[in-house]
Amino acid sequence: MLLFPVVFALNLHWAGSHLYELELLWLIAIAVPLGIVGGDFISGLVHWAADTYGSEDMRVIGPSLVKPFRLHHVYPRDICTHGLVETTGNVCILAVPALAGCLYLMWLMPESLWLSFAVISFALMTAATVATNQFHKWAHQESPSGFARWLQRHHLVLGVAHHKLHHTQPFDMNYCITNGWLNPLLNKLKFFRRLEATLGLFGIETVRAKDAREAAQLKTN
Ligand SMILES: [Zn+2]
Ligand SMILES: [Zn+2]
């Protein structure tokens, strides 16, 4: 968590200085929405995967990823008791090496315009992803700070009513939890249902399908 702001700022500084030298700093206006929407998409994909596949006793990802999301459905308010380290620490463990990798790439290819643009977009996406659990926590708090409420009102972070739909039967929509901007589109496209159907073709079964199959087997026995 302490390293994240350092590598994040270094990435922005190096990549930003390069775009400035090329007089293409305006590209940041494209990188910002791209990074935020990318972060929202990652949050949805990871959340959906943890809600839909695997079990809590899988190695490494079981206790660190699957369990928190499953528990969150049983005790939604539990997230409000998490401190900043518990809320953002797990994501920082992945974000810091990824951003360190970006610094290495920029060191290898300091002249690449597209790398600088990609790095700024990626750095913003990781920042959005790191902040996601905090935004998610605000959506469950009874009385979040005035600043958090302002961000919610302006749809810059996950909205309370919007996220409530995810916690409502049949618990299969609005997976994106950074600001939820992508949810209407992904819901309309039935994106996650189609992804589940595609993975099903490869024999990868959702928890819902597995439970239904086991219940049917019990009945016939
Ligand atoms: Zn969920
Ligand atoms: Zn929630």
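Read the numbers this way: they start at 1 and go in the same order the structure lists the ligands and their atoms. It should be emphasised that the depicted structure is a prediction, and the values quoted were computed from it without experimental measurement. Basis for what follows: all heavy atoms, side chains included, without hydrogens, waters or symmetry-related copies.
In this model, a donor atom of one side chain and an acceptor atom of the other lie less than 3.5 Å apart for H166 and D51. Between the side chains of T132 and S43, not a single donor N or O lies within less than 3.5 Å of an accepting N or O. Looking at H136 and H47, their side chains never bring a donor and an acceptor atom within 3.5 Å of each other. Judged purely by distance below 3.5 Å, without hydrogens or angles, the side chains of H163 and N174 never pair a donor atom with an acceptor atom.
For the Zn ion (ligand 1), protein N, O or S atoms closer than 2.8 Å were enumerated as H47 NE2, D51 OD2, H73 NE2, H166 NE2, with waters left out.
You'll find the side chain of L103 reaches within 4.5 Å of the side chain of W14, heavy atoms only.
Taking the Zn ion (ligand 2) as the apex, the angle formed with NE2 of H163 and NE2 of H136 is 90°, to the nearest 10 degrees.
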Run the salt bridge (Lys or Arg N to Asp or Glu O under 4.0 Å) test on D172 and R193 for me, step by step, so that the C-alpha distance in whole Å, both residues' side-chain angles and the decisive distance to 0.1 Å come before the verdict.
CA-CA 9 Å; D172 64 354; R193 298 297 85 74; 3.6 Å; yes
